[in-house]
Amino acid sequence: MRKPMMAGNWKMNKTVAEATALAGQIVELTSGYTNVDRVICPTFISLSAVKAAVGSAPIGVGAQNCYWEESGAFTGEVAAAMLAGLAEYVIIGHSERRQFFGETDETVNKKTKAALTAGLTPIVCIGESLAQNEAGETQSFVSGQVRGALEGLSGEQVQSLVLAYEPIWAIGTGLAATSQQAGDICGGVVRATVRELYGEAVAEATRVLYGGSTKPGNIAEIMQQPDIDGALIGGAALDGKSYGEMVRITSEVYQK
Ligand code: 13P
């Protein structure tokens, strides 16, 4: 049984003070829902304050990126190992990083390996563009991204990480994939690719999240899809109440 996860990707939002306040609010609003893994991912500069605000509450903290080298002349980068103690998770290969910062399947793979070596849980993002979707290339493209990200990893490593399917056309647009569409890709492409590469046991153990315009109003339906194990939430995670509501609803869906 895969434990559901609600992960908030705060992207480039919130000052340190705002992030600290939001983390405190989330601790308060979600503490009762222990059957859901809660993860919040602020900017690098807020990690320390958010970690302190979370304190001993069972809420994971994640970074939004890391670099694969351990140290050295890489101005502006942060090594995976440097996140130890500040974060337990790290988002890798978000489509915004692939689109705006030149990340490729190869760099995503290097970062994933570095994160695992540093003892972090990578949340590895994959997803097709609108043009690819309309051209009927979703399946081959997303499967290729999964293969690229996981290249050289053991089955044990793969089942310890989290995959997040985020169709680019659904991110920040208000146009969520239908729960059926999202479930079909998470199961029929993402998990199916893991199954092909690593076998049934690893595929069944690996968590696959959906991301793209998730909100309190559509999360129940999305979480009812058997192959969707949670959500990577953007906009709706910036508001403590709406994030808390999504955790509450997920907790209920999973109690049934
Ligand atoms: P939205 O929930 O704002 O569409 O963003 C999704 C996302 O990119 C999470 O990583």
Side-chain angles (χ1 to χ4, degrees), residues 4-14 18-19 22 26 30 36-44 46-47 50 59-66 87-101 103 108 111-112 115 120-130 132-133 138 141-142 145-146 149 161-179 181-183 185-186 190 207-223 225 228-247 249-250:
M5 175 183 286
M6 287 290 117
N9 174 8
W10 294 359
K11 306 193 180 182
M12 197 177 74
N13 293 292
K14 307 285 178 193
E18 289 166 348
L22 179 56
I26 286 171
T30 70
V36 179
D37 275 345
R38 290 141 284 155
V39 179
I40 52 179
C41 306
T43 63
F44 281 132
S46 292
L47 281 173
V50 164
I59 291 182
V61 175
Q64 299 173 14
N65 183 28
C66 67
E88 298 84 35
Y89 296 85
V90 57
I91 297 171
I92 292 178
H94 190 279
S95 60
E96 286 148 17
R97 296 216 55 87
R98 295 181 192 249
Q99 273 181 296
F100 306 136
F101 303 101
E103 298 212 8
V108 168
K111 290 180 179 198
T112 303
L120 299 165
T121 300
I123 301 175
V124 181
C125 302
I126 62 254
E128 82 288 0
S129 67
L130 182 60
Q132 289 165 326
N133 185 279
T138 300
F141 184 74
V142 172
Q145 283 186 320
V146 172
L161 58 69
V162 178
L163 292 165
Y165 168 61
E166 302 203 304
I168 296 170
W169 48 270
I171 295 177
T173 58
L175 278 177
T178 64
S179 54
Q181 264 175 322
I185 303 296
C186 286
V190 180
R207 286 191 284 189
V208 180
L209 313 183
Y210 165 75
S213 297
T214 56
K215 53 190 182 203
N218 61 16
I219 198 67
E221 203 188 316
I222 287 166
M223 291 309 296
Q225 290 291 322
I228 298 183
D229 306 314
L232 184 54
I233 311 158
L238 294 172
D239 178 81
K241 283 198 185 128
S242 82
Y243 175 79
E245 192 56 8
M246 291 171 81
V247 171
I249 293 166
T250 300

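Ligands are counted one by one from 1 in listed order, and the atoms in each one are counted from 1 as well.
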With nothing but distance in play, are any N or O atoms of [X] less than 3.5 Å from an N or O of ligand 1?
X      : result
Ile171 : no
Lys11  : yes
Gly234 : yes
Thr173 : no

Report the distance from atom [atom1] of [X] to atom [atom2] of [Y], rounding to the nearest 0.5 Å.
X      : Y      : atom1 : atom2 : result
Ser129 : Ile171 : OG    : CD1   : 11.0 Å
Ile26  : Asp239 : CD1   : CG    : 9.0 Å
Ile92  : Cys66  : CD1   : SG    : 4.5 Å

**Asked** If you count the non-hydrogen atoms of other residues, nucleotides and ligands that lie under 6.0 Å from NZ in Lys215, is the total more than 12?
**Response** no
**Message:** Taking 4.0 Å as the limit for heavy-atom contacts, which would you say applies to Ala170 with ligand 1: side chain only, backbone only, both, or neither?
**Reply:** backbone
**Minimal non-hydrogen separation, Gln64 against Thr43, with atom names** = NE2-N, 3.6 Å
**Asked** Which pair of non-hydrogen atoms, one from Leu22 and one from Ala237, has the smallest distance, and what is that distance?
**Response** CD2-O, 3.9 Å
**Prompt:** Within less than 4.0 angstrom of ligand 1, does Ala236 place any heavy atom?
**Reply:** no
Which atoms from ligand 1 have a heavy atom of [X] less than 4.0 Å away?
X      : value
Asn9   : 9 (C), 10 (O)
Gly212 : 4 (O), 6 (C)
Gly172 : 1 (P), 3 (O), 4 (O)

**Message:** Applying side chain to side chain contact (heavy atoms under 4.5 Å, CB included) to Ile185 and Tyr210, what does each step give before you reach the verdict?
**Reply:** CA-CA 9 Å; Ile185 303 296; Tyr210 165 75; over 6 Å; no
**Item:** Residue selection (non-hydrogen contact nearest atom 6 (C) of ligand 1) among Glu166, Gln64, Glu96, His94
**Value:** Glu166
**Prompt:** Closest non-hydrogen protein atom to atom 3 (O) of ligand 1, residue and atom name please, with distance?
**Reply:** Gly235 N, 2.8 Å
**Complete:** The single option from Thr121, Asp37, Asp229 that satisfies side chain to side chain donor-acceptor pair (under 3.5 Å) with Arg207 is Asp37
